[in-house]
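Worksheet: the structure to be examined is printed underneath.
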Amino acid sequence: MRRIALLISLLLMSFPVIAQSSGRFSVSDLYSNGAVLQQKSEVTVWGESLPGAEVQISASWGQREIAVADAKGNWSSILKTPAGSYKSYTIILESCGKRILIDDILVGEVWLASGQSNMEMSFHEDPNNNIKVEGAAGVINGPEDRYLRCFNVARSEKFYPQESVPMNGGWKSKNSKDVVWFSAVGYFYAAKLREVLNLPVGIINASYGGSPVESWIPGDFAKGAIYNDKRVEREDEIAFGALGRDEAVKRFRSWIDDSQRGKSDSLAMEFSDGLNVLNLPNYFFNTPRGGELGGTFLYKKIELDASHDLTLSLPQIDRNCQIFFNGNLVYEAILPSEAYRHPRVNIPSRMTRKGVNLLSVNMITTLWNGGIIGNREEMNISYADKTISLAGEWYYKKTFDLYSVKRVPYEGLPNAFLISSLYNGMINPLVKYSVRGVLWYQGEANISNRDLYPEMLSDLVKGWRSAWGKNLPFYYVQIAPWKGNGHNLSEYSQMRAIMSSAYRGIGNADVVITTDLGDPLNIHPPRKREVGERLALKALTKTYGLSSYSADYPALHKAVVKGDSITLTLRNLYDGIVVTDKESLFEISGDGQIYYPATFRIEGNRVILYCKNVKKALFLRYAFRNSMSGNILNSKMLPLDLFEVKLCDLE
């Protein structure tokens, strides 16, 4: 009992203390214990009470206010925060006979971090998915820092703007337990600001892996023609939602049967020992099955000494599945909203038999990885006092390729790819909370419509600035080199080039270049420290006015063609050029279509190129293939960005 009481008390420390009495009364979850408030700012504190009720607000830095709840019970008030310091404050709220104490409040710098998986990526290691932050152990096992804090916003997709914050644990400070789940980029950014500004720093992390930029744009700012298809998709999703869940299940069952050209219960029994074999638990891309999206039947023979009531346990299903035992459907989670579940299934004895039984799992992978992942110990069948491990070899056969069948049906629920869905669910609830600026790391999900990215990113920034009522600084990260659809292709390089200049049409914005930080085989490169610190250099220079931290990237300034050589002059080199390896990433062309590799050498602050295969060089590019990671940097270890240019434009 004492252990339980201690656990409960520790849990309550993360949340405001509420003295119970009559009447409803609450405050936004952003105001949990340990909150960080923006210094020297007017911050809004808000919540709910009874209509017309007074709310007394007392901040321990010496401010008292009274708010009155409106007809719907909503109340808010403005507090003026002092200069940042290491002093801990409290806010006491009283209404309807209730008292809320928010403790251990810090005042410093607050930044919003958002985007997709590379911003969401934490220090938690997932070896099966090759997700690991370089230097994570040093951060996790390093000194605690109670003045560096993070608030994780839970994933939430919505059709309409929400007010309630989808909290994922409240404010947490840097310690070995909690920092594991901090955004790694956000952490390294905050750590650099802490080091230079000598102030508390709070990061609000609202990120969602795999999400496109359209999902984060407020509806009022996504009305141009480029969003027409997305708006129709949203309207269709809402319309199908009105039909209910049972109709959605029918649509998905029909789609699965049509896609695999056969009924699932029949395919569940189409097993032979001649099928291919893979090992589970694992992601499909780590097995002979490969990572292609679509349908896959998995089979496992189960030997029983008699008929028994069984309990089946599986770790996480990536993404959806139907489970059969001897051809009987015993579990089904086929809707997108039912993805990533851990099945626990009771199988009655009437479905079992003495001898060989057949367990069949129909895996439906419509997004990302596919597979059954987790601990081997979670993968078993048990009965009476016996446990049969299901880890190890399974037979499998593919049933369909996702891109060769009709599109996935509408479920009738909002999802992470729907226009404005993540703004509605994860950003709109934050807009009353004062932040200094925004960090953005996203773009991989917009490769297919990359030409529209500058316009969409501009719409996002306009919408967020309008919502906050401030010209918030906006610093974003260029996606890093990765193979994409092929090492020597250029769709990802084109996206990097587009992102390099997108900020120019936004104002009070800038980009962090990452051409040197990629991993050809991993869309989640591990070098997040450099990303966070480069973002911090932007903020320190442009937002905080510390010119000594100015860190411009090297850039191509001039090119002179002479005979069979081209001499490049670079700017922003500071103390010179640094070359991290000897591989040449320069290519030269005479027609802008076929490029040939060029050798290079460094002479002082110049790069001399040679290419015997091109008689008249007219075009030049650098690091312009998907997985090419830049190797030319300046003395501040900042990389030369990729480029593709006409040489005549540089004479």
Side-chain angles (χ1 to χ4, degrees), residues 16 27-28 30-47 56-67 76-93 100-113 143-151 170-175 182 186-205 430-439 464-465 468-475 508 532-533 535-550:
V27 66
S28 167
L30 280 164
Y31 283 88
S32 68
N33 289 338
V36 184
L37 303 182
Q38 179 60 41
Q39 67 164 335
K40 295 184 283 188
S41 178
E42 292 188 346
V43 302
T44 301
V45 57
W46 72 97
Q56 297 184 26
I57 306 156
S58 300
S60 64
W61 57 82
Q63 185 175 355
R64 294 178 181 272
E65 299 292 337
I66 295 178
S76 67
S77 185
I78 302 295
L79 298 177
K80 295 182 179 180
T81 55
S85 71
Y86 292 121
K87 184 176 180 180
S88 181
Y89 296 100
T90 62
I91 295 176
I92 296 173
L93 308 166
I100 299 176
L101 169 64
I102 309 168
D103 200 12
D104 191 27
I105 297 170
L106 297 176
V107 177
E109 291 296 301
V110 182
W111 285 77
L112 172 62
E144 294 188 0
D145 184 354
R146 65 179 306 271
Y147 301 104
L148 193 162
R149 299 181 179 180
C150 180
F151 183 101
W171 283 95
K172 302 293 183 182
S173 64
K174 193 271 180 181
N175 58 64
F182 283 23
Y187 169 82
F188 287 123
Y189 174 84
K192 187 65 177 179
L193 257 58
R194 290 265 303 109
E195 172 192 328
V196 177
L197 302 178
N198 194 27
L199 286 170
V201 177
I203 299 292
I204 300 174
N205 175 27
L430 309 176
V431 299
K432 295 178 185 176
Y433 201 82
S434 183
V435 299
R436 186 62 181 260
V438 177
L439 312 174
W464 290 21
R465 286 174 175 170
W468 262 275
K470 298 177 182 178
N471 184 27
L472 296 172
F474 186 88
Y475 304 124
N508 196 19
E533 292 185 349
L535 281 167
L537 292 178
K538 293 293 184 185
L540 290 169
T541 304
K542 295 178 176 292
T543 300
Y544 297 104
L546 301 177
S547 58
S548 59
Y549 289 90
S550 176

Walk me through it: do L540 and L197 pass the test side-chain contact (heavy atoms from CB on, under 4.5 Å)?
-> CA-CA 9 Å; L540 290 169; L197 302 178; 4.0 Å; yes

Please check if atom NZ in K432 has more than 12 non-hydrogen atoms from other residues, nucleotides or ligands closer than 6.0 Å.
-> yes

Looking at E42 and I78, what are the two nearest heavy atoms and their distance?
-> CB-CG2, 3.7 Å

Considering all heavy atoms of both residues, which atom of V107 and which atom of P82 are nearest to each other, and what is their separation?
-> CG1-O, 3.3 Å

Look up atom OG in S60 and atom NZ in K87, then write down how far apart they are to the nearest 0.5 Å.
-> 6.5 Å

Under the side-chain contact (heavy atoms from CB on, under 4.5 Å) rule, collect the residues that match up with A191, sequence neighbours excluded.
-> L148, Y187

Student check: side-chain heavy atoms of Y189 and V201 closer than 4.5 Å | no

Min side-chain heavy-atom separation Y31-L37 under 4.5 Å | yes

Drop me the distance from W61's CH2 to I91's CD1, to the nearest 0.5 angstrom.
-> 4.0 Å

Going through the checks in order, is the side-chain hydrogen bond (donor to acceptor under 3.5 Å, both in side chains) test met by T81 and Y89?
-> CA-CA 11 Å; T81 55; Y89 296 100; over 6 Å; no

Closest heavy-atom contact between G202 and W171?
-> CA-CZ3, 3.9 Å

So do the side chains of S173 and Y147 get within less than 4.5 Å of each other, counting heavy atoms only?
-> no

For I57 and S77, the nearest pair of non-hydrogen atoms, with its separation, is CD1-CB, 3.3 Å

Distance from S550 atom OG to L537 atom CG, nearest 0.5 Å?
-> 9.0 Å

How about W464 and V435: do any of their side-chain heavy atoms sit closer than 4.5 Å?
-> no

How many angstroms lie between CG in L101 and CG in N33, if you round to the nearest 0.5 Å?
-> 6.5 Å

So, for Y475 and A539, which heavy atoms are closest and what is the spacing to 0.1 Å?
-> CE1-CA, 3.7 Å

Quick one: are L535 and W111 in side-chain contact, heavy atoms under 4.5 Å?
-> no

Testing E65, R64, Q63 for side-chain contact (heavy atoms from CB on, under 4.5 Å) with S58, which one passes?
-> R64

Does the side chain of Y544 come within less than 4.5 Å of P473's, by heavy atoms?
-> no

Pairwise side-chain contact, L199 with L193, heavy-atom cut-off 4.5 Å (strictly under) = no

Which distance, rounded to the nearest 0.5 Å, do you find between the CG of L472 and the CG of L112?
-> 8.5 Å

Residues R436 and E109 bridged, charged N to O under 4.0 Å | yes

Under the side-chain contact (heavy atoms from CB on, under 4.5 Å) test, which residues partner L30, sequence neighbours left out?
-> S28, W46, F151, V165, I204, L430, Y433

Set of side-chain contact (heavy atoms from CB on, under 4.5 Å) partners for S88, sequence neighbours left out | D104

Quick one: pull up CD in Q56 and CG in L93 and give me the separation to the nearest 0.5 Å.
-> 10.5 Å

By salt bridge (Lys or Arg N to Asp or Glu O under 4.0 Å), R465 pairs with (sequence neighbours left out) none

What residues form a ring-ring contact (aromatic ring centres under 6.0 Å, His included) with F182, not counting sequence neighbours?
-> none

Closest non-hydrogen atom pair, V110 against V36 | CG2-O, 3.4 Å

Is a side-chain N or O of N471 found less than 3.5 angstrom from the main chain of N508, in a donor-acceptor match?
-> no

Residues in side-chain contact (heavy atoms from CB on, under 4.5 Å) with S434, at least two apart?
-> Q38, S41, V43, K470

